[in-house]
Amino acid sequence: MYRTHTCGELNITHVDAKVKLSGWVQKSRDLGGMTFVDLRDRYGITQLVFNMETNAELCRSARKLGREYVISTEGVVAVRSNKNSKIATGEIEILVESFSILNSSEVPPFTIEKETDGGDELRMKYRYLDLRRVEVRKNLELRHRMAIEIRNYLSNENFLEVETPVLIKSTPEGARDFVVPSRMNAGQFYALPQSPQTFKQLLMVAGFDRYFQIVKCFRDEDLRADRQPEFTQIDCEMSFVDRDDVLDAFEGLANHLFKSIKGVEIKEKYPKMAYTEALRRFGNDKPDTRFGMELVDLKEIATGKGFNVFDSAAYVSGICVEGCAEYSRKQLDELTDFVKKPQMGAKGLVYVKYNEAGSFKSSVDKFYSFEELQKWADAMGARPGDLLLVLAGDTEITRKALSELRLEMGRRLKLMEQKTFKPLWVVDFPLLEWDEETARYHAMHHPFTSPYEEDLELFKSDPGKVRAIAYDLVINGVEIGGGSIRIHNEGLQQQMFDNLGFTREEAAKQFGFLMGAFRYGAPPHGGIAFGFDRWVALFAELDSIRDTIAFPKNNAGRDVMIDTPSTISQDQLDELHLTLKKPESKK
RNA sequence: GGUCUGGUAGUUCAGUUGGUUAGAAUGCCGGCCUGUCACGCCGGAGGUCGCGAGUUCGAGUCUCGUCCAGACCGCCA
């Protein structure tokens with residue numbers, strides 16, 4: 001037997017008990033006459049004591065224990081004379097009577113402590129060591145608890161978890177697929193699912209009524225801090241529902257998680273904000289509503305006064321930053337540089353300081369009188385002491401830049417408290433999006449999304465205006481999930497494919513199975529999918545989803561620990577009927 | 001595909017205008033130490049300054065290329 005207890009559970013009530021513990025040597029402190037060893041496992045840290053007076057030989061051998069040695073030890077629980085209130089077992093220690101080294105360890109390349117000295121790259125390469133750290137482990141524990149709560153909640157709501165295949169069919173719509181060559185079918189490929197979308201719809205046709213799955217999905221696109229090539233979705237679908245049925249059901253799930261995991265009760269219904277309204281008020285479709293500082297359109301009042309930058313702009317808007325009229329030249333230059341970064345793309349930044357005395361100091365004093373600037377200030381609800389920041393230019397670019405500027409000011413003024421949660425539904429997304437590259441419309445959400453019936457006639461006149469019965473759950477500026485009411489009618493689905501520029505043959509080849517199913521009594525249905533990794537990151541207060549994943553990929557999609565992607569042998573290639581374009585020299 | 005930032009001891013970093021023998025902290029090794037828990041004190045080892053070219057009397061420092069890492073834009077239905 002290796003242990004009677006874990007390293008996290010012994011306390012004052014166990015005094016005098018004879019116990020066995022096993023774990024890793026976190027650290028040893030050799031004081032000469034006695035040696036302390038911190039023994040660590042998943043559950044905590046327990047102090048072992050060795051004393052030269054009691055057992056000199058044992059004490060001397062304990063001095064040789066290196067960091068991360070795995071040992072098993074036997075001894076008696078004793079009250080500490082000097083207690084440590086920082087750890088759960090801090091009131092007791094083990095008077096060791098014997099121990100054995102189960103495995104030695106090389107000196108680890110970084111310290112395995114709460115605050116490690118290791119950088120990201122090293123930690124990823126030795127991820128199995130990094131995972132020993134409490135800071136990383138607690139994220140995975142949180143992830144586990146959330147998964148349990150989700151399963152319990154949805155199961156209680158009659159949702160059935162059903163597994164769908166991972167080897168499926170490639171489709172050109174949407175993200176790039178990861179493909180898997182088929183050995184038994186020369187020249188043919190499976191694709192890994194970007195989501196179980198069509199399968200969950202087929203489950204609705206099959207009458208499962210309420211489905212969910214916590215499921216891996218795959219997209220072969222470039223990575224970001226919040227994007228991994230393989231990621232986990234909470235995928236859900238319901239039958240006989242309209243939009244608000246779905247929103248209510250999953251507001252329930254979200255509220256359950258807030259309460260059971262974060263101890264937060266959100267009493268009010270989540271606001272529903274139209275996509276166009278979100279863009280107008282916040283400049284993006286995932287507004288962070290923890291603070292105001294909304295975008296105010298100044299096109300009407302600020303143009304026609306001879307300031308060509310504004311007069312020639314399609315879009316002129318600003319934000320009012322409370323209490324920042326005192327900003328220095330240097331600070332304003334920083335903000336200007338911020339919006340002029342190539343990724344941001346704004347040409348410049350106009351500022352107006354609304355001084356405490358009621359006067360204005362702006363970068364456009366030449367063009368605007370006091371009265372005119374007063375109009376701006378009034379339009380923006382500014383008060384003396386505030387700073388107005390105004391951008392102008394192309395609508396899309398400028399709106400995005402202003403939205404980023406708003407978030408930057410929110411960060412600077414510390415308006416984005418991580419303990420505060422502001423969820424909302426963004427609804428009424430456009431059904432279609434014009435794609436310059438392919439010069440055609442494509443589905444903004446996916447081609448199975450139902451349009452509003454009253455918008456159907458716009459298909460002919462102005463397809464970009466057709467609204468989808470689609471919705472996103474946004475919490476604190478993070479898109480946590482999204483879904484839609486689906487098309488369940490073959491004719492409409494066919495029309496949708498027509499509008500997306502599919503030929504009948506293409507549509508039949510790629511999605512014939514779905515449209516075929518629609519002929520056999522498909523119920524009205526809709527659903528949603530949540531980014532599980534992102535949700536965990538939000539609750540763990542992490543900026544990156546990487547530390548919510550046990551073994552994540554790096555920026556370039558590599559797993560640096562197992563060193564993959566990697567080449568395969570010629571035999572494997574032959575078996576898969578594959579010929580590489582040119583010999584790969586890289587490993 | 002693009003923009004930006006970084007790469008110096010095991011690790012995290014500093015390194016001035018281009019100038020003698022490249023530093024600190026921590027970790028590691030050795031010694032001392034009986035109540036530590038970031039133990040303390042003394043001593044020691046440890047460097048292809050990512051790699052390759054170039055400029056220069058002289059390059060960690062400047063230039064170009066390249067590789068790696070990270071953030072972002074494009075992309076992500």
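Remember, it's a predicted structure, so these values are computed and weren't measured experimentally. Labels below follow one simple rule: chain letters A, B, ... track the order of the sequence lines, proteins then strands, and each chain is numbered from 1. For the numbers below, each heavy atom of this structure counts, side chains included, while hydrogens, waters and symmetry mates do not.
- Mapping A:M124 and A:A175 onto RNA chain B by nearest heavy atom places A:M124 at the nucleotide closer to the 5' end.
- At a threshold of 4.0 angstrom between heavy atoms, the contacts of A:R546 are confined to the sugar-phosphate backbone, with no base atom among them.
- Summarising the geometry of A:L492 relative to A:P451, their closest heavy-atom pair is CD2-CD, 4.2 Å, with the distance given to 0.1 Å.
- Contact annotation for A:F36: base contact, defined as any heavy-atom pair under 4.0 Å involving a base atom.
- Contact annotation for A:L122: backbone-only contact, meaning every heavy-atom pair under 4.0 Å involves sugar-phosphate atoms and none involves a base.
- Rounded to the nearest Å, the gap between the P atom of B:C62 and that of B:G7 is 11 Å.
- A straight line from CZ of A:R80 to C1' of B:C37 spans 7 Å, rounded to a whole angstrom.
- Regarding A:E479, its CD atom lies at a distance of 15 Å from the C1' atom of B:C75, rounded to whole Å.
- Among the heavy atoms of the strands, none lies under 4.0 Å from A:K125.
- Atom P of nucleotide B:C76 and atom NE2 of A:H442 are separated by 6 Å, given to the nearest angstrom.
- When Watson-Crick and G-U wobble pairs are counted only if both distances are under 3.5 Å, B:A25 pairs with B:U11.
- Between A:R67 and B:C28, a side-chain N or O to OP1/OP2 separation shorter than 4.0 Å is present.
- The same atom, C1', is picked in B:C68 and in B:G52; the two are 15 Å apart, to the nearest Å.
- Between B:A14 and B:U3, the two C1' atoms lie 28 Å apart (nearest whole Å).
- Here the closest non-hydrogen pair linking A:Q233 and A:A529 is OE1-CB, 3.4 Å.
- Atom P of nucleotide B:U12 and atom CG of A:D120 are separated by 10 Å, given to the nearest angstrom.
- Nucleic acid contact for A:T116: none, since no nucleic acid atom lies under 4.0 Å from a heavy atom of the residue.
- Counting any heavy atom pair closer than 4.0 Å across all strands shown, A:E115 reaches no nucleic acid atom.
- In the interface, the side chain of A:N82 is not paired with the base of B:U36 through any donor and acceptor atom under 3.5 Å apart.
- In this structure, CG of A:L223 is placed 15 Å from C1' of B:C73, rounded to the nearest angstrom.
- Ion pair A:R411/A:D288 not flagged as a salt bridge, since none of the NZ, NE, NH1 or NH2 atoms sits closer than 4.0 Å to an Asp/Glu carboxylate oxygen.
- A donor-acceptor contact closer than 3.5 angstrom is absent between the side chains of A:E490 and A:Q494.
- Phosphate proximity of B:A38 to A:K114: absent, as no side-chain N or O sits under 4.0 Å from OP1 or OP2.
- As judged by a 4.0 angstrom heavy-atom cut-off over every strand, A:M34 is placed among the base-contacting residues.
- RNA chain B is contacted by both A:D222 and A:K553; A:K553 maps to the nucleotide lying nearer its 5′ end (nearest heavy atom per residue).
- With hydrogens and angles left out, the side-chain atoms of A:Q194 and A:D177 include a donor and acceptor closer than 3.5 Å.
- Comparing B:G27 with B:C41, their P atoms are spaced 11 Å from each other, to the whole Å.
- Salt-bridge check for A:R399 with A:D394: failed, with every basic side-chain N at 4.0 Å or more from each acidic carboxylate O.
- The listed nucleotides are B:A71, B:U11, B:U36; the one nearest the side chain of A:A225 is B:A71.
- Remark: A:R176 does not engage A:D220 in a salt bridge, criterion side-chain N to carboxylate O under 4.0 Å.
- Taking every side-chain heavy atom of A:Q343 into account, B:G2 is the closest of B:C76, B:C39, B:G2.
- Look at A:K86 and you'll find a side-chain N or O under 4.0 angstrom from OP1 or OP2 of B:A38.
- Using a 4.0 Å cut-off, no side-chain N or O of A:N555 falls inside it from OP1 or OP2 of B:A69.
- Here B:C4 sits opposite B:G70 as a Watson-Crick or G-U wobble pair (both hydrogen-bonding atom distances under 3.5 Å).
- Across B:A59 and B:U21, the matching P atoms stand 12 Å from one another, rounded to whole Å.
- Results of the side-chain hydrogen bond (donor to acceptor under 3.5 Å, both in side chains) test with A:D428 over A:Y275, A:Y471, A:Y452 single out A:Y452 as the only residue that passes.
- In the interface, the side chain of A:N554 is not paired with the base of B:G70 through any donor and acceptor atom under 3.5 Å apart.
- Taking 3.5 Å as the limit, the base of B:C39 and the side chain of A:D30 contain no donor-acceptor pair of atoms between them.
- Pairing partner, B:G65: B:C51, with both Watson-Crick or wobble hydrogen-bond distances short of 3.5 Å.
- Under the 4.0 Å criterion applied to side-chain N and carboxylate O atoms, A:D222 and A:R227 are not assigned as salt-bridge partners.
- The CD-P distance, from A:E53 to B:G35, rounds to 11 Å in whole Å.
- The same atom, P, is picked in B:C57 and in B:G18; the two are 16 Å apart, to the nearest Å.
- Using a 4.0 Å heavy-atom cutoff across all strands shown, A:E93 reaches at least one base atom of the nucleic acid.
- Counting distance only, with no hydrogens placed and no angle test, the side-chain atoms of A:R227 and the base atoms of B:C76 include a donor-acceptor pair under 3.5 Å.
- Base pairing of B:A59 is not made with any nucleotide, judged by Watson-Crick or G-U wobble geometry with both donor-acceptor distances under 3.5 Å.
- On a pure distance criterion of 3.5 Å, no polar donor-acceptor pair joins the side chain of A:R224 and the base of B:G70.
- Nucleic acid contact for A:Q47: base, since at least one base atom lies under 4.0 Å from a heavy atom of the residue.
- Comparing B:A22 with B:C49, their C1' atoms sit 8 Å apart, to the nearest whole Å.
- Straight-line distance from the CG atom of A:L58 to the P atom of B:U34: 18 Å, rounded to whole Å.
- Residue contacts for A:D220: at a heavy-atom cut-off of 4.0 Å it reaches no nucleic acid atom on any strand shown.
- Separating the P atom of B:A9 from that of B:G60 is a span of 14 Å, rounded to the nearest Å.
- Note on A:R29: every side-chain N or O is 4.0 Å or more away from OP1 and OP2 of B:U36.
- The distance from atom CD1 of A:I397 to atom P of B:U3 is 18 Å, rounded to the nearest whole Å.
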